[in-house]
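All figures in this text were calculated on a predicted structure; none of them were measured in a lab. Values below: every heavy atom of this structure, side chains too, minus hydrogens, waters and symmetry copies.
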Amino acid sequence: MSQFLATHKRDHRCGDFRDTHVDEEVTVYGWVDSYRDHGGVIFIDLRDRTGIVQLRFEPWVAEGVAHGLADKLRPEWAIGARGKVISRGENINPKIPTGAVEVLCDTLEVFSESPTPPFEIKDDLDTAEAIRLKYRFLDLRRNALSRNFQLRSQVYRQTRNYFADHGFLEIETPILANSTPEGARDYLVPSRVHPGSFYALPQSPQQFKQLLMMSGMDRYMQICRCFRDEDLRADRQPEFTQLDLEMSFVSVDDIRALLDGYVRGVWREVLGVEVPTPVPSITYAEAMDKYGIDKPDLRYGLPLTDLTELLRGRIEFRIFKGALDAGGIVKALYLPEGKVFSRKDLDKVIPAEAAPFGAKGIAWARVQPGGSWSGPVAKGVDDALRGELNDALGAEEGGLILFSADKRSVVNAALARIRGVAAERLGLIKPNTWSFVWVTDFPMFEYDEDEQRYQAMHHPFTSPRYDEIDQLETDPAGVKALAYDLVVNGVELGGGSIRIHRSDVQHQVFRALGLSAEEVDEKFGFFIEALRYGTPPHGGIALGMDRLLMLLCGADSLRDVIAFPKTQRATDMLTGSPNQVDAKQLTDLSIRTVVDD
RNA sequence: GGAGUGGUAGUUCAGUUGGUUAGAACGCCGGCCUGUCAAGCCGGAGGCCGCGGGUUCAAGUCCCGUCCACUCCGCCA
């Protein structure tokens, strides 16, 4: 290694250069993005994470030594260069921020060469993601990806500052923790010193952060990794990062106001967007009724209308009647511009969108002049009923009514999806528009058909509304929780709740969940014990940092904001993880596998 | 666990009804070229058609299985 690094200290990053730097002697480091050899002059685009600057090599500079070396450069070689910043005069490149200047180099140092990379390092890349992930270290050199991580770092800094300014302590909680009794599957870690026993990686530091409130820490924050061994999606990775918060002596409103200020600050700093605060809210019941989903995208309207009561006993149309008789519901999505969906769409596209949710079909009617209908539903509806339906839907000539009749959960899921498809078709989703909403008043419990019992919708430490605690014994299904989700453009950014701070209420909730005293003691004994010692009222929230970054970066997948993400089968294409381990390691851990190989 | 889409040169793709030598673009290699920045011009190399079976005179193409990636359902308190 030459003395280059010792004698030539980097004084600028590639993306820094502007015409104000003209005449400066500079040293830059980076990677060869591209080279253009004109026989005499050689142009090298030098790249680092900040951008690209053009280097120029001339045979007449410094006896042509640097020029001679530059002749051999190839993409992705790591180099350093020294020279003078000069104006490009007439030959400005308006496409890049540094396009007004170039560095006329007198010295060039090659640190390391590179084989031809498996894909070009450029922003508009269409290479298969599997290859990009295998060569993630090259993929990350692309500015399109690199800037996501620079932005991520910026958001982290801002996050820590915001919550520090609001009196939060950053405290770490264990990664080697206990298996969670309910919820997602755990990643387990065998204990060597306790043969046959396992730690679990945390799905969330829920109990620890509540214990910190009991400890008088008052306000806790952590940007922490969480783990869930469930199947992946574009917006779900097995390990993900959560902004975890907990506060003592607070109400729902306090927490919402704090988070409103946080997202407002982030959106302003990162995107220059002013989020109107306070962020509005909608109840869970209203969200499900009007949008069929608990994370509605409110960038557009297109509400659903529940026609169940209007139609009951008044319609013979087989599909509707069948659903109603079976205890289901009928809902409709009304589109004023009915022509966005062609007959072919109605036959193919719409059913295909609805089918994954169990919907057997989507009936439809087009509204004709005078309010009459055409389409499969038209015949089954008499004039009087049709008039009432038109009124209920606000239907007018040219409109399209899409019906779903089935179990409530199927109707809601299917129409929620179609509502999104329609909005996209209608061009209602404008770029750089943001719709924040708090979804509140979630039910405490939901009934688990498979296990024939109630489960906590949020988690079992969530407080019921204070005015509904009495109903825990009599009408658990009707009790609403002091729980809230923050939803942005139809993405669940995070959720939280006021927690139970009284052991008697906690025991009532466990009873409602059908847990015996023995089970409670076994699973939550330490926690119940701690709860007895003067627990402050407290609550908190967890935001999915990866999802937050995905929104801010405009990414379609979590993988674009996680440096080393996993594939859908939870493997790492780069490192090959998970791996088999040797027999000795297993023996040390007292583990025997039952997999044939 | 289930449904769908895809897998052919380094990359992105085309490849007809099964048919003889599997193509294109970009990239790569060599040469020329002093103002390019998607540089240009000339020439060249590069293929386990994902893998394994099967049908057939003949398979990139048809059938069965399997692996991998992606999207979705289930699942994710």
How long is the line joining [atom1] of [X] and [atom2] of [N], in whole Å?
X	N	atom1	atom2	answer
A:Asp186	B:C75	CG	C1'	14 Å
A:Ile42	B:C32	CD1	P	12 Å
A:Ile121	B:U11	CD1	P	13 Å
A:Arg185	B:G74	CZ	P	14 Å
A:Leu558	B:U71	CG	C1'	15 Å
A:Ile418	B:C72	CD1	P	17 Å
A:Ile293	B:C73	CD1	P	9 Å
A:His38	B:A39	NE2	P	9 Å

Please determine, for the side chain of [X], which listed nucleotide ([options]) has the closest atom?
X	options	value
A:Ala234	B:U71, B:A77, B:U36	B:U71
A:Thr567	B:G1, B:A69, B:A77	B:A69
A:Ala130	B:C37, B:A77, B:A69	B:A69
A:Arg228	B:A77, B:U71, B:U12	B:A77
A:Pro460	B:A77, B:A69, B:C37	B:A77
A:Pro356	B:A77, B:C72, B:G74	B:C72
A:Gln455	B:C73, B:C37, B:A77	B:A77

What integer number of Å spans the [atom1] atoms of [N] and [M]?
N	M	atom1	result
B:U20	B:U56	C1'	16 Å
B:G6	B:A25	P	25 Å
B:U66	B:G10	P	28 Å
B:G47	B:C41	P	26 Å
B:G60	B:U21	P	11 Å
B:G27	B:U17	C1'	35 Å
B:C28	B:U16	P	31 Å
B:C37	B:G43	C1'	25 Å

Does [X] reach a base, just sugar-phosphate, or nothing at all? Heavy atoms under 4.0 Å.
X	result
A:Pro75	sugar-phosphate
A:Asp37	base
A:Glu102	base
A:Arg559	sugar-phosphate
A:Glu58	base
A:Arg88	base
A:Glu129	sugar-phosphate
A:Phe442	nothing
A:Asn91	base
A:Thr571	sugar-phosphate
A:Gln568	base
A:Ile131	sugar-phosphate

Under 3.5 Å for both donor-acceptor distances, Watson-Crick or wobble: does [N] have a partner, and if so which one?
N	result
B:A69	B:U5
B:U61	none
B:U16	none
B:U34	none

Determine yes or no for a side-chain-to-main-chain donor-acceptor pair under 3.5 angstrom, with [X] supplying the side chain and [Y] the backbone.
X	Y	value
A:Arg465	A:Val479	no
A:Arg499	A:Gly539	no
A:Asp406	A:Ala359	no
A:Arg419	A:Leu302	yes

Practice problem: Answer yes or no: does atom CD of A:Glu230 have more than 12 heavy-atom neighbours from other residues, nucleotides or ligands under 6.0 Å? | Solution: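 Above 12, so yes.
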Quiz item: Counting heavy atoms not belonging to A:Trp31, are there more than 12 under 6.0 Å from its CH2?
Solution: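 It does not: A:Trp31 CH2 has 12 such atoms or fewer within range.
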Practice problem: Classify the angle between the aromatic ring planes of A:Phe227 and A:Tyr187 as parallel (below 30°), tilted (30 to 60°) or perpendicular (above 60°). | Solution: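 Ring orientation, 0 to 90° scale: perpendicular.
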Exercise. Measure up the A:Phe527 and A:Phe461 rings against each other and bin them: parallel (under 30°), tilted (30 to 60°), perpendicular (over 60°).
Key: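 Tilted: the ring planes of A:Phe527 and A:Phe461 meet at 30° to 60°.
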With respect to the phosphate group of [N], does any side-chain polar atom (N or O) of [X] fall under 4.0 Å of OP1 or OP2?
X	N	value
A:Arg132	B:A69	no
A:Thr127	B:C26	no
A:Lys95	B:A38	yes
A:Arg547	B:C76	no
A:Arg569	B:C68	yes
A:Thr116	B:G10	no
A:Arg233	B:C70	no

Quiz item: Is there a donor in the side chain of A:Arg502 and an acceptor in the side chain of A:Gln508, or the other way round, less than 3.5 Å apart?
Solution: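 Side chains of A:Arg502 and A:Gln508: no pair found under 3.5 Å.
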Practice problem: For A:Asp297 and A:Tyr291, test the side chains for any donor-to-acceptor distance below 3.5 angstrom and give the result as yes or no. | Solution: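 There is no such pair (donor and acceptor under 3.5 Å, judged by atom type) between the side chains of A:Asp297 and A:Tyr291.
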Practice problem: Output yes if the stacking criterion (under 5.5 Å between centres, under 30° between planes) is met for A:His458 over the base of B:A77, else no. | Solution: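 No; centroid distance or tilt outside limits.
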Practice problem: Check whether the aromatic ring of A:Phe119 stacks on the base of B:U11, taking stacking as ring centres less than 5.5 Å apart and planes within 30° of each other. | Solution: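 No.
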Practice problem: Could you pick out which residue, A:Ala570 or A:Glu446, lies toward the 5' side of RNA chain B when each is mapped onto its nearest nucleotide? | Solution: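 Nearest nucleotide further toward 5': that of A:Ala570.
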Exercise. For A:Gly39 and for A:Arg36, locate the closest nucleotide of RNA chain B by heavy-atom distance; then report the residue assigned to the nucleotide nearer the 5' terminus.
Key: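 That would be A:Gly39.
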